[in-house]
Number of protein chains: 2
Amino acid sequence: MDAIDLSLVELLRGNARLSYAELARQVGLSAPAVHERVGKLEAGGVIRSYRADVEPEAIGLGVTALIGIVQDSGGDTDDVLEAIRGMPEIESCYFMAGVESFLLKARVGTIAELEQLILRLNRTAGVASTRTAVALSTKWENRPQPLSPS
Amino acid sequence: MDAIDLSLVELLRGNARLSYAELARQVGLSAPAVHERVGKLEAGGVIRSYRADVEPEAIGLGVTALIGIVQDSGGDTDDVLEAIRGMPEIESCYFMAGVESFLLKARVGTIAELEQLILRLNRTAGVASTRTAVALSTKWENRPQPLSPS
DNA sequence: CTCAGAACGTGGACGCGATCGACCTGAGCC
DNA sequence: GGCTCAGGTCGATCGCGTCCACGTTCTGAG
């Protein structure tokens, strides 16, 4: 993980569809060399995937909510986690310090669907309570920050 | 926005580096037709960008925190927003219903940097108070959910 | 009904990019 | 020195991206 790898990661965080030839020009190596480096970054787990960032409203996911989960005192964390994992509406899941064990980001089409999701969460074994906050608007999301060498 | 556009969006959400030729095979059109459709999806704002999803620890961003912002009663929301926008550590920003006007997702390298960030936020004009919760681990993030036609 | 035009597709052509193999170079080590 | 290995360049080949000319379908006007 040298400075060139870091540049490649930064370039691909900004635009995942850059060609190897273009990456090569940017970092001053040949295309095969870049191909090899990017392959190693993928194999080593540094680059996990390439995603198109899509306007959620355009695909019928206009409602964003953040949901905190308080666990039952006796509940098993892994069971709760697996139950949550099975709900496709939950786009992100963080395990937190604090009273709320998990913080979830969910996206659904309508408030009615959000209601159903919350009911399902409250019915889940190991979940003592939930706290939901609805996002009125998403100002930005997953903005890549400039990297400092490590 | 027909069923084919939806398939293209779904394919690119799963893997943003698919070639037009491959997309064409998947949806049963020719490569130029796919090229044209994807271009329109980009121009129309449905596809906003293509991003490499990178393991944060690998690039020195091992600390994730979620921060709620309570606004001053007299403060201007836009000013606060612009101040937040200027902080690169804030990867996501949601405008919320509830006491806390904003919910931020921040990533930094160390707890010390998080401390500095929180101090800077509290010092920001228009910010009455902040509430920070540190994520112990990220179970998953930005998982694309299967699309239903709209 | 017929016609014009728009929207959207296909197929061909051509240049560039992806990718493979052969070879080069410098560092580390006996 | 000479071996080995990591990591690069170069050159060749093949497939992809992209432009363009043309065909088809649909729609609305006369």
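Throughout, a chain's letter reflects where its sequence line sits, starting with A, and its residues are numbered from 1. Keep in mind that what you see is a predicted model, and the values were worked out from it rather than measured.
Using a 3.5 Å distance cut-off with no hydrogens or angles, the side chains of A:Asn142 and A:Asp53 do not pair a donor with an acceptor. No hydrogens or angles considered: nothing links the side chains of B:Ser7 and B:Gln26 as a donor-acceptor pair under 3.5 Å. Side-chain polar atoms of B:Glu100 and B:Tyr94 form no donor-acceptor pair below 3.5 angstrom.
Between B:Arg85 and B:Glu82 there is a salt bridge, with a side-chain nitrogen of the basic residue lying less than 4.0 Å from a carboxylate oxygen of the acidic one. A salt bridge does not link A:Arg51 to B:Glu141: none of the charged side-chain nitrogens sits closer than 4.0 Å to a carboxylate oxygen.
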Between A:Phe95 and A:Phe102, is the ring-ring contact (aromatic ring centres under 6.0 Å, His included) condition met? List the steps. CA-CA 5 Å; A:Phe95 184 56; A:Phe102 295 101; 5.3 Å; yes
Do B:Leu103 and B:Met96 pass the side chain to side chain contact (heavy atoms under 4.5 Å, CB included) test, and can you show the C-alpha distance, the side-chain angles, and the key distance before you say yes or no? CA-CA 7 Å; B:Leu103 203 147; B:Met96 306 294 292; 3.9 Å; yes
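The stretch residues 14-28 of chain B has no heavy atom under 4.0 angstrom from DNA chain C at all.
Residue A:Lys40 contributes atom NZ, which lies 4 Å from atom P of D:dG7 at whole-angstrom precision. Between the NE2 atom of B:His35 and the P atom of D:dT18 there is a distance of 4 Å, rounded to whole Å. One atom, CG of A:Asp2, and another, C1' of D:dA6, lie 13 Å apart when rounded to the nearest Å.
Cation-pi geometry between A:Arg17 and B:Tyr20 is met: the NZ or CZ atom falls under 6.0 Å from the ring centre, inside 45° of the normal.
When DNA chain C is scanned 5' to 3' for any atom under 4.0 Å from a heavy atom of chain A, the first and last hits are C:dG17 to C:dC20.
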